[in-house]
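Each chain gets a letter, A, B and so on, in the order the sequences are listed, and its residues count up from 1. Predicted, not measured: the structure shown is a model, and the values here were computed from it.
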Number of protein chains: 2
Amino acid sequence: MYFCLNYYYRMTHSEENYLKAIFHLNKGGAKAVSTNALAGQMKTKPSSVTDMIRRLAEKGVVHYKKYQGVSLTEKGSRLALSVIRKHRLWEVFLVEKLSFSWDEVHEVAEQLEHIKSEQLIDRLDKLLGFPKFDPHGDPIPAKDGSLPSGDKQLLSNMPLHSRGICVGVKDSSSAFLKFLDKNRIALGYRIELMEKEEFDSSVRVLVEGEPIHLSHQIASNLYVKKI
Amino acid sequence: MYFCLNYYYRMTHSEENYLKAIFHLNKGGAKAVSTNALAGQMKTKPSSVTDMIRRLAEKGVVHYKKYQGVSLTEKGSRLALSVIRKHRLWEVFLVEKLSFSWDEVHEVAEQLEHIKSEQLIDRLDKLLGFPKFDPHGDPIPAKDGSLPSGDKQLLSNMPLHSRGICVGVKDSSSAFLKFLDKNRIALGYRIELMEKEEFDSSVRVLVEGEPIHLSHQIASNLYVKKI
DNA sequence: ATATAAATTTAGACAAATCTAAAAATATGT
DNA sequence: ACATATTTTTAGATTTGTCTAAATTTATAT
């Protein structure tokens with residue numbers, strides 16, 4: 001119990017949200033996250049960010065040097081992954097058990113991710129059958145923080161004539177999700193990449209055998225799992 | 001939507017907890033709740049209670065006059081019942097779906113009760129089969145704030161030496177119904193609660209005058225109508 | 001290289017929710 | 001009824017998370 005994550009590093013909702021934001025902004029590059037970028041993500045002012053970063057640094061969950069941006073420590077990274085794990089498991093619950101559609105779950109999951117109970121999340125995980133991906137296709141971190149193998153990639157990145165299963169979206173705006181609906185594309189559908197148009201990077205694919213033409217904008221927002 | 005409860009009367013977690021506490025303290029008598037009693041319930045200081053009460057009065061959810069104690073307005077009562085509804089539905093969820101035992105659920109439900117989403121709680125209600133009582137036998141308020149008729153309750157929840165008529169079961173598995181048959185318990189029979197065992201919450205009762213010892217598992221699945 | 005622009009931090013303020021210590025109002029006992 | 005005890009409120013401080021405005025540091029452009 002002494003080494004329990006939740007005992008030593010008890011964070012407020014707001015602190016957890018900052019850790020999550022730093023994690024997501026840092027995902028791409030290895031360099032530190034800027035105060036301004038974080039303010040944008042958190043929809044708050046840079047001065048508020050500076051205040052919060054100082055508190056987080058005192059708690060030892062971020063590395064911080066004035067004017068040099070911020071990055072997660074080992075502890076901070078573990079905490080961020082634990083919040084992301086909760087968020088994505090709750091999203092699965094909302095879709096699978098409560099029939100929410102995948103574009104309605106985010107707001108509620110933002111609240112549920114802060115519920116503190118290790119037992120709760122472990123049992124929820126079990127109830128849901130230990131899912132590896134959330135309804136948007138994003139990987140669900142395991143208890144130890146490890147992410148499931150990323151054999152998933154954007155449709156726009158797939159090699160010609162390869163086949164896969166649609167497992168998620170990058171842009172989860174309801175406009176995009178509606179577009180997919182209208183064009184009869186959904187999670188779990190088989191996709192085969194037939195042709196790539198050099199000129200505009202659009203693609204011709206078969207979705208469950210049905211031919212369809214997708215712009216690059218669409219193809220670069222659809223995750224496909226190779227088979 | 002304009003008259004949606006959650007839109008006009010958006011309360012903080014703490015405010016919701018105060019409303020709940022006032023509701024519970026007021027349940028017995030019709031007179032106002034004292035500052036001290038509320039401080040006891042909330043495990044805080046009387047001065048903090050005074051501060052909070054003033055805010056709640058400004059929001060129009062409590063009646064308050066200096067030195068005269070506090071009571072819920074119509075609005076306040078509706079809000080309190082809505083929080084209690086959420087708390088008890090989540091308790092059912094934790095016990096029924098996540099295999100928590102009835103004495104482990106309170107702390108987690110205290111957190112879950114503050115999640116704001118009408119859709120979430122409606123769908124949870126449906127998932128659980130619109131339960132009327134929580135795992136402790138307490139009634140679950142309906143959406144409109146009405147409580148299920150209180151003349152029926154779980155045997156495990158009845159006061160000592162009270163008498164009633166067996167009117168239903170919560171668990172209607174055939175295993176349970178066979179057990180009842182074998183022990184000569186049926187709908188319409190008179191039941192008198194003679195003794196409660198602290199240690200394992202089992203009970204000794206008279207069924208149509210015949211003494212019998214029932215485990216808590218049995219007693220918490222039998223509904224009795226008070227007479 | 002130096003002026004200007006952009007990013008970041010500091011300083012000071014505010015609201016929510018709490019505390020302690022002291023003052024005011026109410027209740028109680030003989 | 002009056003002194004004392006209890007309850008309740010006020011006053012002033014603290015923490016968290018936010019803000020605006022001003023100062024400072026870093027980056028950019030000619």
N/O to N/O distances under 3.5 Å, protein versus nucleotides 8-12 of chain D:
unit_1 : atom_1 : unit_2 : atom_2 : d
D:dT8  : OP2    : B:N36  : N      : 2.7
D:dT9  : OP1    : B:Y64  : OH     : 2.4
D:dT9  : OP1    : B:Y67  : N      : 2.8
D:dT9  : OP2    : B:T35  : OG1    : 3.0
D:dT9  : OP2    : B:T50  : OG1    : 3.0
D:dT10 : OP1    : B:K66  : NZ     : 2.9

Quick one: list whatever passes ring pair (Phe, Tyr, Trp, His ring centres under 6.0 Å) with B:F100, sequence neighbours left out.
-> none
With sequence neighbours excluded, tell me which residues meet side-chain contact (heavy atoms from CB on, under 4.5 Å) with A:Q111.
-> B:I115, B:K116
Would you classify B:S14 as touching base, sugar-phosphate or nothing, given that sugar-phosphate means primed atoms plus P, OP1 and OP2, and contacts are heavy atoms under 4.0 Å?
-> sugar-phosphate
Between P of D:dT7 and NZ of B:K45, the distance in whole Å = 14 Å
Using the test side-chain hydrogen bond (donor to acceptor under 3.5 Å, both in side chains), find all partners of A:D125 that sit at least two apart in sequence or belong to another chain.
-> A:R85
Ring pair (Phe, Tyr, Trp, His ring centres under 6.0 Å) partners of A:H213, counting only residues at least two apart = none
Applying ring pair (Phe, Tyr, Trp, His ring centres under 6.0 Å), name anything that partners A:F93, two or more places apart in sequence or on another chain.
-> A:W90, B:F93
Please list, in 5' to 3' order, the outermost nucleotides of DNA chain C lying under 4.0 Å from any heavy atom of chain A.
-> C:dA7 to C:dT10
Return no unless some side-chain N or O of A:R55 is found under 4.0 Å from OP1 or OP2 of D:dG17.
-> yes
Of all residues at least two apart in sequence or in a different chain, which pass the side-chain contact (heavy atoms from CB on, under 4.5 Å) check with A:Q41?
-> A:A21, A:L25
Is the distance between the ring centroids of B:Y223 and B:F133 under 6.0 Å?
-> yes
Figure out the NZ/C1' separation between A:K43 and D:dC19, and round it to whole Å.
-> 18 Å
Of all residues at least two apart in sequence or in a different chain, which pass the side-chain contact (heavy atoms from CB on, under 4.5 Å) check with A:H106?
-> A:H87, A:E91, A:E110
